[in-house]
Amino acid sequence: MVSIVIVSHSKKLAEGVKELAEQMSQNKVKIAAAGGLDDESSPIGTDAFKIMEAIELVDSEDGILVLMDIGSAVMNAELATEMLPEEIMKRVLLCEAPLVEGAIAAAAQSMVGANLEAVVKEARRGLQGKQSLIGPQEVETELETPILTNGKEISITVPNKLGLHARPAVRLVEITNKFNNEVSVSVNNKPFVSATSISQVGTLGAKKGDILVFKVKGDEFLEFEKALKQFEFDNFGDTKEDVFKKEETKKTLKVSASNDDCIQGISASKGVAIGKAKVFLNTSISVDEEIVENSLDEISKFQKAIKNIISETEAIKEKTLRLHGKENAEIFNFHLLLLNDNEKLKEVEKLITENHFSASYAWFKVFTNLEDMYKNMSDQYLRERASDIVEIRNKVIAEISGSQEMEITLSEPSILVVNEIGPAQTLSLDIDNVLGIISQKGGETSHATILARSLGIPSITGLENRIDGISNGDIIGVDGTNGIIYLEKNHPEKIKALREEKKVEEDLFKESLSKAKLPALSSDGIEFQILANISSPKEAEKAFANGADGIGLYRTEFLYMNREIPPKEDEQYEIYKQVCENMQGLPITIRTLDVGGDKPIPYLGIPEETNPFLGLRGIRYCLKNKVIFKAQLRALYRISADYNIRVMFPMVGMLEEVIEAKEILAEVRKELDAEHIAYSKEMKIGIMVEVPSVIFILPQLAKHLDFLSIGTNDLTQYLLAMDRESTFLSKHYSALHPAVLNALLKIIATANKEQIDVSLCGELASNPKATALLSALGLRKFSVSGPVIPRVKEAIRVMDVSNNNKIFKDIIACNTLNEVEKMIHI
Amino acid sequence: METIKLSQLITWLEKIAAYMQENKTYLTELDSAIGDADHGFNMERGFQKVIGKIEELKQSKDASVLLKNTGMTLISSIGGASGPLYGTFFLQASMVLKDKNELTLEDLKSSFENGLKGIKSRGRATTGEKTMIDVLEPVVTTLITAVEQNLTISDALTNMLAAAEKGMKSTIDMLATKGRASYLGERSVGHQDPGATSSYFIVKALKESIN
């Protein structure tokens, strides 16, 4: 067996490494440590004689591997070897592998009887495990990965109408990354590009009917091929609706010859707006070439900026998902892939190290080239991705230079006039003050436009210099539906007509709102409560305006995001108070901090877990971090003195958690008593029902709780063991699955039996098509997203609860998701 | 013919030890600027060990044994990189002095030449890298010239010392690419190399013990 000698300046280190390696090899391998000096006053150093003795001690015919730390250790090991008798010397091998990792890897290899050559090879690969976990990016950036041009071939045909646009490109890169292969891709005999680079895949410009050719090298060829075929079969993830939307907007593309009467653009989002123009035209950013000698500093500045913008974008995505749904949130997947695109990052870092460009300039250069590439694409949809590139480019530049990205602030309701606007910027607007958006650049499929549409903001784009005549403060009218802009000074009569049209629109809206404020009574007079899901005081205000009967879920985690330290008790108190004020006395259910490894809040110190959704989430985190938990509970109790609130714990899976949380509540009450701070002893306590185990212990839990709120999103994910983000599983991931519906039935029935209040706050409740179904299952309390309250109330008004028995039987008879969907016409 | 006696070599070692003791702080200060601040301690400890064995060394049957034992002592006691480096220098120097009880200038040259070769291969370094080689290489060159020009030992030593001092000072402006100082990169410029400085003391001690 090959033996091992560990040489280090430190005796302790050498002994410690020896110990680790011995443990690894179950003491089967002879290992000797030669560390430090025999000089008590100065024990750090290496001694060639000690090394020589160590080698002689473990001398083995199969060879002796010597691993050492740095400097004199290397020289003394050499010296020691030279001093050995020749027959021993020739079987000694000094190895440059890292000391700890090398020793452990070598011991493991030697133990199985490998020869010296194999043991050395293994020692040299000792760092691989760690590298695969945490880097090193720097090393990789130096190695230019050549584009694979041979390997096994797979071809698929682009099936969807829009071709390989941003969303399918993102999915394609995701699919490629899932498997352990090296993959390149090409279309129409263009040069092959890396299939893991979004910038390269996105710019292939593959259109419907084009054949994508992949070259694949790796172990998971078959799996990858299968996934690709599925992707092709699934129409690249595009639904028929996408195609329809595009066609619908295309019809409005007719740009009539611009005449003096008005300014004609492309209708991006319909509706009418009249108001003052607010012009922000100088949004194009340019960075001059700048040479910086200290490239290392620039690289670290650059990497930090990318990291920050990634977490910012993730937060925006999260927020969009919550407020505007999955489709809109997916826009930011494209941004995230751009920010994570290794090919581009490498290109920038290369410019910094080799050309000594400043980080800003290098990034600007690379992304401006990319912008040009997109702008010159023949496909209109891809061309319109340019504004995403620009937004990401500018954000990173602002982050590197520490300057603020040009912020668009509106102090009064206005019509925004811009060169171009990105999706994140659109989302950051104070929606209440944005009457309309007019942009020079952009198209009907640009992401900002898609968002404007979903926000209901009239918008016209593709105007180029036709809007040069509009100045700040001009009163203008926007006819979003026809893509026409009128200036009051030129066409007062048109503005008057638009105002009238607007008034009719507003009256209709008001009417539906005032109806929304009325209670939700079914046609046979059963009352339902329709509550709102919110995350901020502002959303509470809107929910109230939309006719919410209260708040069924106030998510507090957003209070904790995008900051350096947790919010203090007083700050929380003030915000909760605003929410309560905005709801004017209606009941409010506040959910305590629901975080986990999937939401990036660095200061919370949540460890990286292999399975964050099954890890330290929600109440599990809070019970382990009592300081943070208690600050929130104190704020909540203080609120309870003056307002009608209920406190809800997320992610509860067992009774123990409820008991422990209630003990902490008791501690908080005791503290408040001692400080003579007022609170309500009657404050209701409940939990989210989202961990399936809860279903089986409801009677036990009910004894300790005042209410339950079913979170169908997570419940579905946990019950079906399906990641809700997985594109492969999306076909079956649905809260309407019979398995989930049966779970709901059991939860609601048990809650009624135990006489504990139950509501449902998942997305399922927001779907008016599912309203009757949920009513049939016995649910009377829905918590939905603010804007759909009027529609859900309408659905209840036309519903006859006495029909429930029939619906119930029909549901119970459904065996598959497909049958359920058919039954409720989805 | 003019020669260097064994007793003069003993004096040389004693003088080196004295210099190292006297300049312990100085060397350590130099090392703290660009290294790990142990050079002064290490050199002092190494040569004190040599002094501890001086009676034994005095019994050496020839210059080869004397320098070999010196080298071995340094290897086992210095601890830092200068242990194997100076150890190798004395060991290699001893190789060419077998059975010699007195050294001619030619012998001195070959022993220094061989010693330098040893250091260079051990440290895989050459001139201009801010190391002891920047002192020892010009010293050996001077010795070679002295032998060619048939100089007296005394003149040769004078030239050697001048070359050593010049070499030592030349390290100030150099960028370290070897050893601990190389981690500092550009920041190593502007500091005199401690290893070059200790080499200078070794040469200075030799000159003073012969004259």
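Here is how names work: the chains are called A, B, and so on, in the same order as the sequence lines, proteins then strands, and each is numbered from 1.
Only the side chain of A/Leu37 comes within less than 4.5 Å of a heavy atom of chain B; its backbone N, CA, C and O stay farther away. Of the two parts of B/Ile78, only the backbone, made up of N, CA, C and O, holds a non-hydrogen atom closer than 4.5 Å to a non-hydrogen atom of chain A.
Between A/Phe302 and A/Trp363, the two ring planes are tilted [angle within 30° to 60°]. Ring-plane geometry between B/Phe201 and B/Tyr19 is classed as parallel, the angle between the planes falling under 30 degrees on a 0 to 90 degree scale with a further cut at 60.
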task = Apply the test salt bridge (charged side-chain N to carboxylate O under 4.0 Å, His left out) to residues A/Glu101 and A/Arg125: give CA-CA distance (whole Å), side-chain angles for both, the deciding distance (0.1 Å), then the verdict.
result = CA-CA 9 Å; A/Glu101 294 82 354; A/Arg125 288 161 64 182; over 6 Å; no
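Among A/Ile70, A/Val74, A/Asp47, the residue making the largest number of heavy-atom pairs under 4.5 Å with chain B is A/Asp47.
A donor-acceptor pair is defined here as one N or O able to donate and one able to accept, closer than 3.5 Å; no such pair exists between the side chain of A/Lys50 and the backbone of A/Asp38.
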